[in-house]
Amino acid sequence: MKKPVQNPREVAEIVAVQALTFLAGDPQRLGVFLAETGIGPETLRQSAADPKFLINVLDFILRDDETVKAFAASAKLHPTNIAAAREALGDPRWERDVP
């Protein structure tokens, strides 16, 4: 049994990965996102490990109310949870410690 995630940053990253999966499931939205970010489909998986990229994913989702609602419904989240995830990813207090 997995231990529940308690760190807000980790939860935010999970939401962002869910958002990326949501985008990947819609070729039209994914195409627009890739065109705007300038990354190709071949580097999408590698980019998903970058917290700054995940911020861009959530920014893309949050800029359109219909997209927010569709993602929130598919992920079974309240739309405010998506905005909170974006805030947690962008909050410098939650930066990962670098050894």
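All residue numbers refer to positions in the sequence shown, counting from 1.
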Atom CG in L20, atom CZ in R45: separation rounded to 0.5 Å?
-> 10.0 Å
Where the side chain of R86 meets the backbone of D59, is there a donor-acceptor pair that is under 3.5 Å apart?
-> no
Would you confirm whether T21, through its side chain, and V17, through its main-chain N or O, come within 3.5 Å as a donor-acceptor pair?
-> yes
Separation of I82 CD1 from Q18 CD (nearest 0.5 Å) = 9.5 Å
Should we count CG of D65 as having more than 12 external heavy atoms under 6.0 Å?
-> no
Show your reasoning for whether side chain to side chain contact (heavy atoms under 4.5 Å, CB included) applies to F71 and V15.
-> CA-CA 10 Å; F71 169 57; V15 170; 4.2 Å; yes
Below 4.5 Å, heavy atoms only, C-beta onward: do V68 and R63 meet side chain to side chain?
-> no
With rounding to the nearest 0.5 Å, note down the distance linking CG in L89 to CD in E13.
-> 6.0 Å
How many angstroms lie between CG in D64 and NZ in K69, if you round to the nearest 0.5 Å?
-> 9.5 Å
Closest contact, heavy atoms only, A16 versus L54 = CB-CB, 3.7 Å
For A12 and L58, work out which heavy atoms get closest and say how close.
-> O-CD1, 4.5 Å
Report yes if some heavy atom in the side chain of T37 is under 4.5 Å from a heavy atom in the side chain of V57; otherwise report no.
-> no
Using modelled atom types only, decide if a donor and an acceptor are shared between the side chain of N81 and the backbone of H78 within a distance under 3.5 Å.
-> yes
With under 30° as parallel and over 60° as perpendicular, where do the rings of F53 and F33 fit, or are they tilted in between?
-> perpendicular
Please say which of L34, I61, V32 ends up in a side-chain contact (heavy atoms from CB on, under 4.5 Å) with L23.
-> I61
Does CD in E42 sit with more than 12 non-hydrogen atoms of other residues, nucleotides or ligands closer than 6.0 Å?
-> yes
Take L30 and L44, measure what side chain to side chain contact (heavy atoms under 4.5 Å, CB included) needs, and give me the verdict at the end.
-> CA-CA 10 Å; L30 181 62; L44 195 56; 4.1 Å; yes
What is the minimum heavy-atom distance between F60 and R29, and which atoms define it?
-> CZ-O, 3.8 Å
